[in-house]
**Student:** 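Okay, handing you the structure first.
Whatever order the structure lists them in is the order used to number ligands and atoms, beginning at 1. The structure presented is a predicted model; accordingly, all values stated were derived computationally and were not measured.
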Amino acid sequence: MELCVIEGDGIGHEVVPAAVAVLRKVLPDLQVHTAHAGWEYFQQKGAPLPQATVDMAQACGAVLFGACSSPSYPVEGYFSPIVRLRRAMQTYANLRPTRYLPVPTARAGVDLLVVRENTEDIYVGDEHTAAGGDSSTATKVITRAATERVAHRAFQIAAVAGRKKVTIVHKGNVLPQTDGLFRRVAFEVAELYPDIETDELLVDTAAYWMVKDPTRFDIVLTPNLYGDILSDMAAAWGGGLGLAPALNLGEDVAIAEPVHGSAPDIAGKGIANPTATILSAAMLVRYHWGMVKVAERIENAVEAVLSQGGHTVDIYRDDALNTQEFTTQVIANL
Ligand code: NAI
Ligand code: MG
């Protein structure tokens, strides 16, 4: 088994080694290949995502990615490395589960999965500013092909995991052509899975329900941007961003990557919560390598530590463990 490891920026340098240590423990034969991407690398070498990294990711087929910092203003030569890598590897479905974990910040009864389209929408990177600088335009792309493949993934996962309902989330009332196409194609695919209930919500109403009662949701199937936002909201119910895992899935390729970013406010302190990245690695083991028992070992070890009261500072301050201490406890519980 080959794994391409990209720490990226900020707390990526702390949480990714933690997850690699856990993986090495359960998969002693794992071959780890390190590659570079991100803002720090761009400042040193002038490239946010070097071709060597893309080549390594594609050769391995499996990637563990930390997070990359991206400024919120244009920088010549810079682009979001993860958005580019997801497209390069055609990992078209981003799975973002939220389920109750035994921490005081989590909400009992939550068990939902956001399935986010991962290759198009507003993330195609087609953004322009007119001369004078006072008018900017971004292109939103929705295609039948991309919607079909992510919708099939969502319903297939629902069937395998015994989930009952898929909620299609869109803004078709304002965007009847783009989101309208997503909605129409998603409902067409739904007809092929008659055992699974399907409903729909406009994204603003979905946000309302995500706050008011997240137990309303089972699987959420949605375009790229709404999935990004709703999965951060859902993460709050799962106990916080430090606990929220994700997996980008394509055909025989996958990128494990926590929902959170590079967290510059806490980077370098050794206090970041590695749980999200460890559970993302477990998703890679489960969905990409198909080793369900090994994935469960990792998930059970994390849950054991949390239920014994082991926690990092983002959960609560008193008696918090640092990244290293928390990881050592997870490994001890494998
Ligand atoms: P963020 O997710 O990095 O941080 C949000 C808040 O959550 C911060 O207070 C942070 O300290 C906390 N947090 C996040 N992960 C944590 C962890 N594992 N343990 C403890 N606390 C944690 O989002 P923010 O601050 O909006 O973005 C920072 C940078 O990350 C930006 O440059 C952004 O572009 C980038 N980003 C990158 C992503 C990626 O590469 N996939 C995803 C999201 C953001
Ligand atoms: Mg996000």
**Student:** Are there protein heavy-atom neighbours of atom 27 (O) of ligand 1 below 4.0 Å?
**Tutor:**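 No, because not a single protein heavy atom sits under 4.0 Å from atom 27 (O) of ligand 1.
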**Student:** Have Q51 and D55 got a donor and an acceptor in their side chains that come within less than 3.5 Å?
**Tutor:**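 A donor-acceptor contact under 3.5 Å links the two side chains.
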**Student:** Atom 42 (C) of ligand 1: protein heavy atom closer than 4.0 Å?
**Tutor:**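 Under the 4.0 Å cut-off, atom 42 (C) of ligand 1 does have protein heavy-atom neighbours.
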**Student:** Taking the six-membered ring for Trp and the single ring otherwise, decide whether the centroids of Y226 and H170 are under 6.0 Å apart.
**Tutor:**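 No - the distance between ring centres of Y226 and H170 does not fall below the 6.0 Å cut-off.
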**Student:** Is a donor from one side chain sitting under 3.5 angstrom from an acceptor on the other, for H13 and E40?
**Tutor:**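 Yes, because at least one side-chain N or O of H13 sits under 3.5 Å from a partner of the opposite role on E40.
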**Student:** Please name the atom of D228, restricted to N, O or S, that is closest to the Mg ion (ligand 2).
**Tutor:**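 Answer by atom name: OD1.
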**Student:** If every non-hydrogen atom of P258 is compared with every non-hydrogen atom of A276, which pair is closest and at what distance?
**Tutor:**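 The answer is CB-CB, 3.7 Å.
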**Student:** Can you label the angle between the Y193 ring and the H152 ring as parallel, tilted or perpendicular, going by 30° and 60°?
**Tutor:**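 The arrangement is perpendicular - the two ring planes meet at more than 60°.
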**Student:** Counting each atom of ligand 1 from 1 as listed, which ones have a heavy atom of P264 under 4.0 Å away?
**Tutor:**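 This gives 28 (C) as the contact atoms.
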**Student:** Quick one: closest heavy-atom pair of A246 and V259, and the distance?
**Tutor:**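 Heavy-atom minimum between the residues: CB-CG2, 4.0 Å.
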**Student:** Out of all atoms in ligand 1, which are within 4.0 Å of some heavy atom of I82? Include the element for each.
**Tutor:**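 Those of ligand 1 that fall under 4.0 Å from I82 are 39 (C), 40 (O), 41 (N).
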**Student:** Over all heavy atoms of both residues, which pair between Y41 and A47 is shortest? Give the atoms and the distance, please.
**Tutor:**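 What the structure gives for the nearest pair is CD2-O, 3.1 Å.
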**Student:** If we only count N/O pairs under 3.5 Å, is C68 in contact with ligand 1?
**Tutor:**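 Between C68 and ligand 1 (N or O atoms, distance only) the closest approach is under 3.5 Å.
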**Student:** Name the closest protein heavy atom to atom 21 (N) of ligand 1, giving the residue it belongs to and the distance to 0.1 Å.
**Tutor:**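 In this structure, atom 21 (N) of ligand 1 has I266 CD1, 3.5 Å as its nearest protein heavy atom.
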**Student:** I'd like to check which ligand 1 atoms, numbered from 1 as shown, lie under 4.0 Å from a non-hydrogen atom of L241.
**Tutor:**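 Per the distance check, 2 (O), 5 (C), 7 (O).
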**Student:** Please identify which atoms of ligand 1 are closer than 4.0 Å to at least one heavy atom of G242.
**Tutor:**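 Result: 17 (C), 18 (N).
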**Student:** In terms of ring plane angle, is the pair Y78 and W39 parallel, tilted or perpendicular, where the classes change at 30° and 60°?
**Tutor:**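 Correct class here is perpendicular.
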**Student:** Heavy atom to atom 29 (C) of ligand 1, shortest distance: which of S262, A67, A235, G12 holds it?
**Tutor:**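 Nearest heavy atom to atom 29 (C) of ligand 1 lies in S262.
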**Student:** Using heavy-atom distances only, which candidate in A267, G261, S70 approaches atom 31 (C) of ligand 1 most closely?
**Tutor:**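 Checking each option, the heavy atom nearest atom 31 (C) of ligand 1 is found in S70.
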**Student:** Taking the minimum heavy-atom distance to atom 16 (C) of ligand 1, which of N273, I6, I11 ranks first?
**Tutor:**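 Among N273, I6, I11, the closest heavy atom to atom 16 (C) of ligand 1 belongs to I11.
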**Student:** I'd like to know if the side chain of R149 pairs up with that of T119 as donor and acceptor (distance under 3.5 Å, no hydrogens or angles considered).
**Tutor:**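 Looking only at side-chain atoms, T119 and R149 do form a donor-acceptor pair, the distance falling under 3.5 Å.
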**Student:** Under 4.0 Å from atom 34 (O) of ligand 1, is there any protein heavy atom?
**Tutor:**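 Given the 4.0 Å cut-off, atom 34 (O) of ligand 1 counts as touching protein heavy atoms.
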**Student:** So which heavy atom in the protein is nearest atom 14 (C) of ligand 1, and how far is it from that ligand atom?
**Tutor:**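 Nearest neighbour among protein heavy atoms for atom 14 (C) of ligand 1, to 0.1 Å: H260 CB, 3.6 Å.
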**Student:** Out of curiosity, does V189 fall in the hydrophobic cluster containing I142 (side-chain heavy atoms, cut-off under 4.5 Å, transitive links)?
**Tutor:**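 Yes, it is one cluster - the side chains of I142 and V189 are joined through contacts under 4.5 Å.
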**Student:** Indicate the atoms forming the closest heavy-atom contact of I196 with A159, along with that distance.
**Tutor:**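 Distance-wise, the nearest heavy atoms are CD1-N, 3.6 Å.
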**Student:** Considering non-hydrogen atoms of the protein only, which is the closest contact for atom 10 (C) of ligand 1, and what is the distance?
**Tutor:**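 The closest one turns out to be D265 OD1, 3.4 Å.
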**Student:** Considering only non-hydrogen protein atoms, determine which one is nearest to atom 13 (N) of ligand 1 and report residue, atom name and distance to 0.1 Å.
**Tutor:**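 That would be A263 CB, 4.1 Å.
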**Student:** Would you mind listing which atoms of ligand 1 come within a distance below 4.0 Å of any non-hydrogen atom of S69?
**Tutor:**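 Those atoms are 32 (O).
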**Student:** Can you list the ligand 1 atoms lying under 4.0 Å from a non-hydrogen atom of A272?
**Tutor:**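 Listed by number with element: 19 (N).
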